[in-house]
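Notes to accompany the following structure.
Proteins get letters first, then strands, A, B, ... in listed order; numbering begins at 1 in each.
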2 protein chains.
Amino acid sequence: MSSEIDNSTQDTPEHLTLQEKVYQQLRLDIMLGNFEPGKAITIRGLAEELGTSPMPVREALRRLVAERALELLPNRRVTVPKMTAEKYRELADARVAMEALAARRAMAHITPDRLTDLRELDKEIDQAILRNDVETYLIKNMEFHFTLYQYGPSQIIMPLIESLWLQIGPFLKMAMRSKGLGTVEDQHQAAMKAIEDNDADSLSRAISLDILDGVNRLPDEEFDRIN
Amino acid sequence: MSSEIDNSTQDTPEHLTLQEKVYQQLRLDIMLGNFEPGKAITIRGLAEELGTSPMPVREALRRLVAERALELLPNRRVTVPKMTAEKYRELADARVAMEALAARRAMAHITPDRLTDLRELDKEIDQAILRNDVETYLIKNMEFHFTLYQYGPSQIIMPLIESLWLQIGPFLKMAMRSKGLGTVEDQHQAAMKAIEDNDADSLSRAISLDILDGVNRLPDEEFDRIN
DNA sequence: TAAATTTAGCTGTGATCACAAATTGAGACA
DNA sequence: TGTCTCAATTTGTGATCACAGCTAAATTTA
C-alpha cells in the first residue's frame, strides 16, 4: 500500500516536515483507491508501516479529515468515506459549478503555447481510450482539467477543486470500469474549440458536459454493492 | 479575545474532545475578526489563554489551516491570512457559484412553514438596516443564507460554503462599514418571490446579486490599507 | 548614532508516555 | 451451533519533553 517514507535530505532539498510527506503519501493512496472504504485507518498502524512515530501520521490524518478526503466516525475512527448515490450526485454538481467557473477564469490567460500543451494532453487521452486503458485515461484526464484551470491564477478555487477530486477520485475508476471507455464523447475537443473562439459560455458548457459524462457512468445500483 | 475553555461535563452532555471545543472557539474568534491579519498566532500562547495544554490547540490550528481559515506561512507560523483584492474577488466568484447551486437544490424542499421562517429573518434584516446596525445585519444575513441552503440536504456543498464564509467573513464587516447599510438593495425579497413562483433561475440570480451587492462594497483601495 | 553581531528566549515539530474508551476474541452458557 | 460475558488488547486523546531553527533584544563595533 504505502511504502516507507523516505526521509533522506537529498531528494527533498527544501526541508519538508515529516507530516507533510506523510500527507502527500496518504493523499496519493486515497486517490488511487488503495484504502478500502469503511475500513478503519489507525494512527499507530500507519506509523509503523511508514517507519515514523505516530505524531506526523496523526497530523496528516486530521488534515485529510478536514479536507474531507477522510471521515472521522463518531467512534473517533478514521476511514475513507463510503460513497452514496446522493453524495456522488452532489460532488458532480459541485464539480460542475466550480470547474465551469475555473475554466472561465482560465480562458483569458491561455496562450498559443498553452493551447498546444492541452492538445497534446488530449491526444494522449484519445490514445488511452483506443487502448481501453482506464488507468492512463483517468490520470491524463485529471491532468487536462488541472492544467487548464491552473492557467487562471487562483488561490481559492483551485484548492477547492482539488478537495472535490480527492473525494470523488477513488470512485471514478469504478465509474469507468462500469461502462467502459468505448462510449466516452470527447468534450475536450469542444472545449479547445471554445478557447480558440474565445467563447467562455461554450467552454464552461463543454467542461460541464465532460464532467457529467464521466460521472454519470456509475449507475445508482452500484453504490449498494460497495457497502 | 478568547476566554477560558469550559471543560465541565454538564453543558456538553455528549463528550466533546478538547480540540473540538478549541476549534469552535477559534472559529468564532476568526469569524468575528478578533485576530489581526498577519499577526502570528502561537500554540503555547493560545494554550495558556484557553487554559489547556498545547496539544488540543495544535490540532485545532492545523484543522483551521486545512480549512483555509488560517494560513501557514513558510516560516511555519500561523496567521489570519491578509486579504487582497484578487482573493476577495475570487472568494466572491466562488460564493456565487456554490451558493447559487445550493439555493437551487434547496428550493425543492421549501415548505410554507419554512418560507415563513425566511420571511421572519428577512424582516429582522430590514430592521437592522433601518437601525444601521451592521453587526446584527451581518449575523442575520448569514442566518438567512444558511437557513435557506440547509433546506436542501447536502453533505458536500454546505461545508464548502461554510469554508468560504470563514475566509471572507472577517472582511465583510469592513465592506459594510465602508459604504454603510443605507444603500443595500433587498435581494432577499426577490429570492422569496422566486421561491413562491418555483422559479429556480430567478432564485439563483437573486442570491448571486445579493452576494455581489454585499461584496462589491469594499473598493480595491481598501486592501492596501489593511496590510 | 547607526549598523553588525552575538545571545537569550521562544516557536513548531516530533517522540514518548499515561489513560479512558472502544474493540476484539476466547470462553461460558444456552 | 449460536449468544452472551468478560478480560486482554488496541485505539484516539491529551500531556510533557527534547531539540533545531527562528526572532528579537542586547551588546559590540565602526
Open item on the list: B/T42: which residues meet the side-chain contact (heavy atoms from CB on, under 4.5 Å) condition with it, sequence neighbours left out?
Closed with: B/R77

TODO: Scan residues 149-173 of chain B for pairs that pass salt bridge (charged side-chain N to carboxylate O under 4.0 Å, His left out), counting only residues two or more places apart or in two chains.
DONE: B/R27-B/E162, B/E135-B/K173

Task: Protein-nucleotide distance (B/I43, atom CD1; C/dG12, atom C1'), rounded to Å - done: 6 Å

Task: Residues that B/R89 engages under side-chain hydrogen bond (donor to acceptor under 3.5 Å, both in side chains), provided they are two or more places apart - done: B/D220

Open item on the list: Show me the pairs that pass ring pair (Phe, Tyr, Trp, His ring centres under 6.0 Å) and involve residues 69-99 of chain B, at least two apart or across chains.
Closed with: B/Y88-B/F223

Open item on the list: Show every salt bridge (charged side-chain N to carboxylate O under 4.0 Å, His left out) that has at least one partner inside residues 34-45 of chain B, sequence neighbours left out.
Closed with: none

Task: Partner set under ring pair (Phe, Tyr, Trp, His ring centres under 6.0 Å) for B/Y149, not counting sequence neighbours - done: B/H145

- [ ] Using the heavy-atom set of chain A and a strict 4.0 Å cut-off, write down the first and last nucleotide of DNA chain D that makes it in, 5' to 3'.
- [x] D/dT11 to D/dG14

TODO: Before giving the answer on side chain to side chain donor-acceptor pair (under 3.5 Å), spell out for B/Q155 and A/R68 the whole-Å C-alpha distance, their side-chain angles and the decisive distance to 0.1 Å.
DONE: CA-CA 10 Å; B/Q155 308 170 68; A/R68 298 185 182 277; over 6 Å; no

TODO: Using five pairs at either end of the helix from C/dT1-D/dA30 to C/dA30-D/dT1, determine the angle between the two local helix axes and round it to 10 degrees.
DONE: 10°

For nucleotides 21-26 of chain C, give me every protein contact, N/O to N/O, under 3.5 Å, one pair per line with atom names.
residue	atom	partner	partner atom	Å
C/dT23	OP1	A/N75	ND2	3.3

- [ ] Using the test side-chain hydrogen bond (donor to acceptor under 3.5 Å, both in side chains), find all partners of B/D133 that sit at least two apart in sequence or belong to another chain.
- [x] B/R131, B/T136

Open item on the list: Measure CG/A/L16 against C1'/C/dG12 and give the value in whole Å, please.
Closed with: 15 Å

Open item on the list: Quick check against the 3.5 Å criterion: does B/Q19 have a side-chain atom that pairs as donor or acceptor with the backbone of B/A60?
Closed with: no

Task: Results of side-chain hydrogen bond (donor to acceptor under 3.5 Å, both in side chains) for A/N141 - residues two or more places apart only - done: A/H188

TODO: Answer with base, sugar-phosphate or nothing: what part of the nucleic acid does B/L72 contact at a heavy-atom distance below 4.0 Å?
DONE: nothing

Open item on the list: Rounded at 0.5 Å granularity, tell me how far CG in A/L64 sits from CD1 in A/I30.
Closed with: 4.5 Å

Open item on the list: Just to be sure I understand the geometry, which residues of residues 54-61 of chain A put a non-hydrogen atom under 4.0 Å away from DNA chain D?
Closed with: A/R58

Open item on the list: Can you tell me how far apart OG1 (B/T84) and CZ (B/F171) are? Round to the nearest 0.5 Å.
Closed with: 9.5 Å

- [ ] Report the C-alpha separation of A/E67 and A/Y23 in whole Å, then their side-chain angles, then the decisive distance to 0.1 Å, and conclude whether the side chain to side chain donor-acceptor pair (under 3.5 Å) test is met.
- [x] CA-CA 11 Å; A/E67 291 173 350; A/Y23 166 79; 2.8 Å; yes

